[in-house]
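First the structure, in the form of structure tokens, and then the observations on it.
The basis for the numbers below is simple: all heavy atoms, side chains too, and nothing from hydrogens, waters or symmetry mates. We name chains A, B, ... by the order of the sequence lines, and we start the count at 1 in each one.
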Amino acid sequence: MKVLVPVKRVIDYNVKVRVKADGSGVDLANVKMSMNPFDEIAVEEAIRLKEAGTADEVVAVSIGVKQAQETLRTALAMGADRAILIVAAADAHQDIEPLAVAKILKAVIDEEQPNLVLAGKQAIDNDMNATGQMLSALLGWSQATFASKLEVNGDNAVVTREVDGGLQTIKVKLPAIVTVDLRLNQPRYASLPNIMKAKKKPLGEKTAADYGVDVSPRLEVVKTAEPEARQAGEIVPDVDTLVAKLKERGVV
Amino acid sequence: MAVLLLGEVNDGELALDPTAKAVNAAKALGEVTVLCAGASAAAAGAAAAKIEGVAKVLVAEHPALSHRLAEPTAAMIVSLAGDYSHIMAPATSDAKNVMPRVAALLDVMVISDVSGVVDADTFERPIYAGNAIQTVRSKDAKKVVTLRTSAFKAAGKGGPAKVETVDVPGDPGLSEWVEDKVAESDRPELTSAGVVVSGGRGVGSQGDFALIEKLADKLGAAVGASRAAVDAGFAPNDWQVGQTGKVVAPELYVAVGISGAIQHLAGMKDSKIIVAINKDPDAPIFQIADYGLVADLFQAVPELIEKL
Ligand SMILES: Cc1cc2nc3c(=O)[nH]c(=O)nc-3n(C[C@H](O)[C@H](O)[C@H](O)COP(=O)(O)OP(=O)(O)OC[C@H]3O[C@@H](n4cnc5c(N)ncnc54)[C@H](O)[C@@H]3O)c2cc1C
Ligand SMILES: Nc1ncnc2c1ncn2[C@@H]1O[C@H](COP(=O)(O)O)[C@@H](O)[C@H]1O
């Protein structure tokens with residue numbers, strides 16, 4: 001079985017994001033970029049499927065700027081076999097929308113014919129939570145989002161999903177798109193020898209135009225603003241004062 | 001312009017709060033038709049008809065629509081889409097599952113987790129865990145939108161609007177439901193509660209999380225948790241508040257043993273009053289708390305329960 005894992009290069013989750021003064025976006029110049037945390041979980045799950053003998057090949061795919069090569073090298077160092085970069089933007093400030101990403105991924109999937117796609121539930125930059133579902137729609141495949149447990153058995157997968165009410169388990173026909181949630185696994189760190197080995201693994205490169213996909217945005221960004229700041233509060237000395245304050249405000 | 005709004009239906013019942021909030025956000029854009037879909041949805045449809053601002057209710061009943069599986073639900077919505085300029089839903093986990101699929105089938109971009117409706121084409125939404133608010137203008141012919149319910153007030157009582165039943169395209173047969181694990185609780189629902197008490201890693205164990213629950217019960221509150229507390233097994237996944245969990249904006253939010261990582265703040269920083277109890281005076285949560293108490297939670301929380 002072949003598993004395809006789309007990985008996105010995003011601002012590192014530890015970086016304090018700053019909105020540009022002119023309201024044109026957030027400042028990505030000279031900030032640390034990393035693999036989207038959910039995609040690390042997806043890569044980890046794919047590698048575990050390979051280690052368990054369920055999968056025989058893991059292919060990582062990234063769409064964006066040329067530097068997304070680094071993200072793909074990380075996936076390779078974790079244990080992916082091969083990677084494909086689709087250059088679709090010249091500048092990190094140009095985010096490719098989930099619909100366009102899904103169209104490109106569909107084209108890659110038509111070529112690669114994987115049985116399973118493991119994507120992240122959400123990219124932590126645009127917080128869209130959409131690509132996996134859109135890809136599944138374009139392919140006419142089954143989808144299982146927000147997975148916290150995955151079991152592949154022959155021609156189907158049983159997936160436990162984190163939903164508002166608790167947990168839901170569904171059984172999906174393969175091929176399927178599964179988007180992964182935080183509690184599916186704990187991703188491994190790439191070891192130094194594996195980082196060295198990853199440098200020799202194949203990393204193919206294409207462009208969005210090679211697939212004939214138009215990546216121009218459907219959503220025009222009018223402006224990007226700082227959220228309203230909260231008024232500074234106060235430190236109360238003890239529980240009695242806290243209770244008095246809350247009574248004053250009429251909330252207890 | 002006309003809006004098709006997916007009502008939040010769970011096991012045949014309407015979740016009134018998220019649906020009424022979404023109706024309120026949608027009604028400025030045109031006549032609102034609420035779709036209630038499920039194995040049984042008639043009761044939900046009758047309830048939706050009594051929300052102020054609802055012009056019409058469509059009831060779609062079919063076994064394939066039970067458990068809101070994405071593929072048949074999306075196909076159902078797409079079969080109705082022709083008549084509407086906007087297809088909207090409260091941003092629940094069900095809608096996040098279904099609506100991007102609907103958008104892709106219509107070849108439009110989904111606009112997720114909208115916190116402000118500017119006009120028919122223009123919407124505000126938080127990005128980067130709420131570190132920035134982006135205003136986007138859609139160039140698509142149809143807008144497919146999920147609405148962050150914590151950002152909108154609920155529409156009141158009205159109607160009753162007329163209710164019609166609609167045909168269901170059926171089941172594409174791609175996936176099947178196996179089971180739900182839903183914890184029953186007498187506490188208020190997290191995203192609509194007036195008061196929320198959340199515990200973090202500082203609580204230390206599942207057993208000690210009872211202390212958080214006790215404080216919550218004293219305040220008639222819902223219980224929340226940080227990701228760290230959920231990951232550690234102190235609390236179930238559906239209690240997680242944050243960027244990738246639930247977003248809440250109660251009158252009062254009490255954070256106990258939570259450091260205040262940006263991903264947690266993303267889910268609660270629009271609360272009216274924030275109280276933080278943490279033994280570390282430098283914890284970032286104190287920078288956004290209205291009232292901070294630097295204390296060991298194992299002393300402060302029992303004392304608070306006693307004095308409230
Ligand atoms: C992709 C991604 C998504 C995420 N999504 C979310 C999300 O949705 N929600 C979320 O919450 N997090 C999320 N996180 C995790 C987030 O980054 C933090 O790791 C998490 O919020 C930390 O939880 P915490 O504050 O409980 O734990 P910690 O940061 O460990 O803080 C524990 C606090 O408890 C205090 N404490 C300890 N003992 C006591 C005591 N006896 N009395 C009083 N105080 C005490 C400590 O001083 C400390 O401040 C996400 C992370 C990533 C990478
Ligand atoms: N540019 C991209 N390149 C590769 N994968 C992506 C890209 N954008 C989104 N994805 C995948 O889709 C998931 C959800 O992203 P989003 O829908 O943008 O929140 C991510 O976790 C990735 O797995």
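Contacts between A:Val19 and chain B at a heavy-atom distance below 4.5 Å involve the side chain alone, from C-beta outward. Interface remark: B:Tyr128 contributes backbone and side-chain atoms alike to the contact with chain A (heavy atom separation under 4.5 Å). Contact annotation for A:Arg161: only side-chain heavy atoms (C-beta onward) come within less than 4.5 Å of a heavy atom of chain B. The contact between B:Ala183 and chain A is made entirely by backbone atoms, counting heavy-atom distances below 4.5 Å. Looking at B:Glu124, neither its backbone nor its side chain comes within 4.5 Å of chain A, counting heavy atoms on both sides. For A:Glu234, the parts lying near chain B are the backbone and the side chain together; criterion is any non-hydrogen pair under 4.5 Å. For a residue to count as touching a neighbouring chain, one of its non-hydrogen atoms must lie under 4.5 Å from one of that chain's; by this rule A:Phe38 touches chain B with the side chain only. Only the backbone of B:Asp270 comes within less than 4.5 Å of a heavy atom of chain A; no side-chain atom from C-beta onward does. With a 4.5 Å cut-off on non-hydrogen atoms, A:Asn156 does not touch chain B at all. At a 4.5 Å heavy-atom cutoff, B:Val102 makes no contact with chain A through either its backbone or its side chain. Both the backbone and the side chain of B:Ile273 come within contact range of chain A, with heavy atoms under 4.5 Å apart. Contact annotation for B:Ala300: both backbone and side-chain heavy atoms come within less than 4.5 Å of a heavy atom of chain A. Contacts of A:Val243 with chain B are made by side-chain atoms alone, with heavy-atom separations under 4.5 Å and no backbone atom involved.
The two residues A:Val26 and B:Ala132 make their nearest non-hydrogen contact at CG1-CB, 4.0 Å. B:Val108 and A:Arg218 make their closest contact through CA-NH1, 3.7 Å (heavy atoms, listed as atom of the first residue, atom of the second, distance). The two residues A:Ala130 and B:Val110 come nearest to each other via the heavy atoms CB-CG1, 3.6 Å. Of all the heavy atoms in A:Pro217 and B:Lys139, the pair that sits closest is O-NZ, 3.3 Å. The minimum heavy-atom distance linking A:Gln133 with B:Pro100 is given by the pair CB-CB, 3.6 Å. Across A:Trp141 and B:Arg101, no two heavy atoms sit closer than the pair O-NH2, 3.1 Å.
Here A:Lys171 contributes atom NZ and B:Leu69 contributes atom CG; the two are 13.0 Å apart, rounded to the nearest 0.5 Å. Residue A:Leu246 holds its CG atom at 7.5 Å from CG of B:Leu308, rounded to the nearest 0.5 Å. In this structure, CG in A:Leu219 is found 9.5 Å from CZ in B:Phe123, a value given to the nearest 0.5 Å. Of the inter-residue distances, the one linking A:Asn129 atom CG with B:Asp113 atom CG reads 8.5 Å to the nearest 0.5 angstrom. Note that CG of A:Leu182 and OG1 of B:Thr244 are 4.5 Å apart. Values are rounded to the nearest 0.5 Å. The CZ atom of B:Arg125 sits 6.0 Å away from atom CG of A:Asn126, with the distance rounded to the nearest 0.5 Å.
Checked by atom type and distance alone, the side chain of B:Lys272 never pairs as donor or acceptor with a backbone atom of A:Val251 at under 3.5 Å. Between the side chain of B:Lys269 and the main chain of A:Arg230, no donor-acceptor pair closer than 3.5 Å is present. B:Ser175 contributes no side-chain N or O that, together with a main-chain N or O of A:Val172, makes up a donor-acceptor pair within less than 3.5 Å. A:Gln143 places no side-chain N or O within donor-acceptor distance of the main-chain N or O of B:Glu71, the cut-off being under 3.5 Å.
The candidate from B:Gln134, B:Lys246, B:Arg137 with the greatest count of non-hydrogen atom pairs under 4.5 Å with chain A is B:Arg137. With respect to chain B, the highest number of heavy-atom pairs below 4.5 Å among A:Lys103, A:Gln168, A:Glu97 belongs to A:Gln168. Ranked by heavy-atom pairs shorter than 4.5 Å toward chain A, the options B:Gln263, B:Glu189, B:Arg227 are led by B:Arg227. Top candidate by heavy-atom pairs under 4.5 Å with chain B, chosen from A:Ile235, A:Val17, A:Asp125, is A:Asp125. Chain A forms the most heavy-atom pairs under 4.5 Å with one residue out of B:Val182, B:Leu252, B:Asp140, B:Leu190, and that residue is B:Asp140. In terms of heavy-atom pairs under 4.5 angstrom with chain B, the leader among A:Glu228, A:Gln122, A:Arg18, A:Glu226 is A:Gln122. Note on A:Thr169, A:Leu138, A:Leu99, A:Val158: by heavy-atom pairs under 4.5 Å with chain B, the leading option is A:Thr169. Counting heavy-atom pairs closer than 4.5 Å to chain B, the top residue among A:Ile124, A:Val239, A:Val159, A:Asn14 is A:Val239. Taking chain A as the reference chain and counting heavy-atom pairs below 4.5 Å, the highest number among B:Asp231, B:Asn237, B:Asp290, B:Val136 is found for B:Asn237. Counting heavy-atom pairs closer than 4.5 Å to chain A, the top residue among B:Met109, B:Glu251, B:Glu303 is B:Met109. Heavy-atom pairs under 4.5 Å with chain B peak, among A:Gly233, A:Ala100, A:Ala137, A:Ala144, at A:Ala137. Contact tally against chain A (heavy-atom pairs below 4.5 Å) for B:Leu105, B:Asp180, B:Val178: the top residue is B:Val178.
No more than 12 heavy-atom neighbours from other residues, nucleotides or ligands sit within 6.0 angstrom of CD on A:Gln231. Atom CG of B:Asp296 has more than 12 neighbouring heavy atoms from other residues, nucleotides or ligands inside a 6.0 Å radius. Within a 6.0 Å radius of NZ in A:Lys20, more than 12 heavy atoms belonging to other residues, nucleotides or ligands are found. More than 12 heavy atoms of other shown residues, nucleotides or ligands fall within 6.0 angstrom of atom NZ in A:Lys2. Heavy atoms of other residues, nucleotides or ligands lying less than 6.0 angstrom from NZ of B:Lys218 number more than 12.
Side-chain contact, B:Gln240 with A:Arg183: a donor N or O sits under 3.5 Å from an acceptor N or O.
Of the charged side-chain nitrogens involved, none lies within less than 4.0 Å of a carboxylate oxygen, so that A:Asp164 and B:Lys96 do not count as a salt-bridged pair.
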- Check against side chain to side chain contact (heavy atoms under 4.5 Å, CB included), A:Lys16 and B:Asn131: CA-CA 8 Å; A:Lys16 171 94 183 82; B:Asn131 274 307; 3.6 Å; yes

